[in-house]
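Have a look at the structure below before the remarks.
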Amino acid sequence: MGRHKNPFDEVLAKAEVYYKDFIQPIVPFLVQSSASMGAYTVGLALSQGIGSALRISCASPVVNTLGGVAGVGFASAVAGQASLICAAAYRKKPKHLQGFLDNMTSPEAKDVGLDMLLGIVAFKVVGGSFRTIMPSDLTKVGAIARESIPAAGMQYAGEEKRKELIRMFRRDGCHHCGTTKGPVIGDHMPPNKHVVQKTEALAVRVVDQMYRNTSFRNAMQTLGIRPLSDIKQRYYPQCVRCSQKQAAAVRNDRSHRVFHRVLHGGGKGTGWHYVGVWVGASHGPLIDQKQKSRK
């Protein structure tokens, strides 16, 4: 009689065939994607730190966008290099740290430039906002601000408005730092003190006096220009920690930058979270061609 086959051995054989045919071919891509995604995230975090050191926030005119473009370009370049190093290491399979370090060659300017360009273009195409790469200024609307509601003057938010703020807070987080933990604060933007300062300014009082003239008022309304004292405030969801820091910053008439979650949900979408993966994946064919050319 023939030897009875073990069903478990058949299962293992089929699993091995499945692994070799379907899983093993995508492992290099998964390795590259993970490495480039991690490097991209680290690059964005470093860019935020550099922006803070240079006193640039998401609310800084012009330089907020320039800083964001530079940050995305830098993060994309880092992601591309991580992909190249990881792919080379995977193919050579070094058995120790020195073998892995030997795969770290000097980056080529052409590769770095193309990675930066690809990352910047992809970031914009999928709806990313460059200014949100920079840190938040607690005295201005934060980098993660996605939705807000009209404020009831300088008063605290009522029960109905608080329900809306809680919904926004649980979905998007604090508009300054991105946390979703703790109670929500209805943050007045602009801050109450700033509104009072503007309405008390001499120039504002002069222009508002001119608005009492019917002809002048009608002309301004036709142009869509409102009285300078007619400042509309809005509530944004904010955490307690940022609210406390903001109170001190506004009281001392100082700006205060805070770091926010790197891969946040503010803006038009979250597709830009994966720009690093796309940049890293773009190096797959390039590495294969180099390997083939050496054979």
Side-chain angles (χ1 to χ4, degrees), residues 23-52 54 56 58 63-94 100-135 143-144 178 259-294:
I23 304 299
Q24 193 172 22
I26 66 172
V27 169
F29 171 75
L30 294 176
V31 171
Q32 284 180 272
S33 298
S34 300
S36 55
M37 181 68 177
Y40 174 72
T41 304
V42 171
L44 291 180
L46 289 174
S47 298
Q48 192 176 163
I50 293 172
S52 181
L54 296 176
I56 299 174
C58 66
V63 292
N64 56 358
T65 299
L66 295 178
V69 171
V72 171
F74 169 70
S76 299
V78 174
Q81 292 305 305
S83 174
L84 286 169
I85 294 170
C86 238
Y90 177 81
R91 284 169 174 78
K92 294 181 180 180
K93 295 180 173 58
F100 179 80
L101 295 177
D102 290 340
N103 292 307
M104 300 180 65
T105 58
S106 299
E108 297 182 8
K110 182 180 178 181
D111 288 342
V112 172
L114 289 175
D115 288 340
M116 293 178 69
L117 180 60
L118 175 60
I120 291 171
V121 172
F123 182 91
K124 188 62 178 177
V125 168
V126 297
S129 176
F130 290 113
R131 71 173 191 83
T132 64
I133 300 302
M134 295 292 99
I144 307 180
F259 290 97
H260 56 73
R261 193 169 67 238
V262 177
L263 300 178
H264 56 76
K268 298 180 181 179
T270 57
W272 59 272
H273 292 184
Y274 309 101
V275 167
V277 175
W278 302 334
V279 172
S282 70
H283 286 290
L286 177 63
I287 296 173
D288 288 340
Q289 291 171 7
K290 287 183 177 179
Q291 291 293 331
K292 290 177 182 179
S293 65
R294 291 174 184 172

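Heads up: numbering here begins at 1 and tracks the sequence.
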Closest approach of Gly178 to Ile144 (non-hydrogen atoms, all atoms of both residues): CA-CD1, 3.3 Å
Strictly by modelled atom types, are His283 and Asp111 linked by a side-chain donor-acceptor pair under 3.5 Å? no
For a 4.5 angstrom cut-off between non-hydrogen side-chain atoms, does Leu263 reach Thr270? no
Over 12 foreign heavy atoms within 6.0 Å of CZ, Phe259: yes
Which heavy atom in Val112 sits nearest to a heavy atom in Ala77, and how many Å separate them? CG1-CB, 3.9 Å
Heavy-atom pair of closest approach, residues His264 and His273: O-NE2, 2.7 Å
Using the side chain to side chain contact (heavy atoms under 4.5 Å, CB included) rule, take Ile120 and Phe130 through it: C-alpha gap first, then chi angles, then the decisive distance, then the call. CA-CA 9 Å; Ile120 291 171; Phe130 290 113; 3.8 Å; yes
Closest non-hydrogen atom pair, Ile133 against Ser47: CG2-CB, 4.3 Å
Compare every heavy atom of Asn64 with every heavy atom of Cys58, then report the nearest pair and how far apart it is. O-ND2, 2.8 Å
For residues 34-44, which side-chain donor-acceptor pairs fall under 3.5 Å, sequence neighbours excluded?
{"residue": "Ser34", "atom": "OG", "partner": "Leu30", "partner atom": "O", "Å": "2.9"}
{"residue": "Ser36", "atom": "OG", "partner": "Gln32", "partner atom": "O", "Å": "2.8"}
{"residue": "Ser36", "atom": "OG", "partner": "Ser33", "partner atom": "O", "Å": "3.1"}
{"residue": "Ser36", "atom": "OG", "partner": "Gly276", "partner atom": "O", "Å": "3.3"}
{"residue": "Tyr40", "atom": "OH", "partner": "Trp272", "partner atom": "O", "Å": "3.0"}
{"residue": "Thr41", "atom": "OG1", "partner": "Met37", "partner atom": "O", "Å": "2.9"}

What one should report as the nearest heavy-atom pair of Gly271 and Trp278 is O-CH2, 3.5 Å
Under 3.5 Å, side chain of Ser282 to main-chain N/O of Val279, donor-acceptor pair present? yes
Using a 3.5 Å distance criterion without hydrogens, assess whether the side chain of His260 forms a donor-acceptor pair with backbone atoms of Thr132. yes
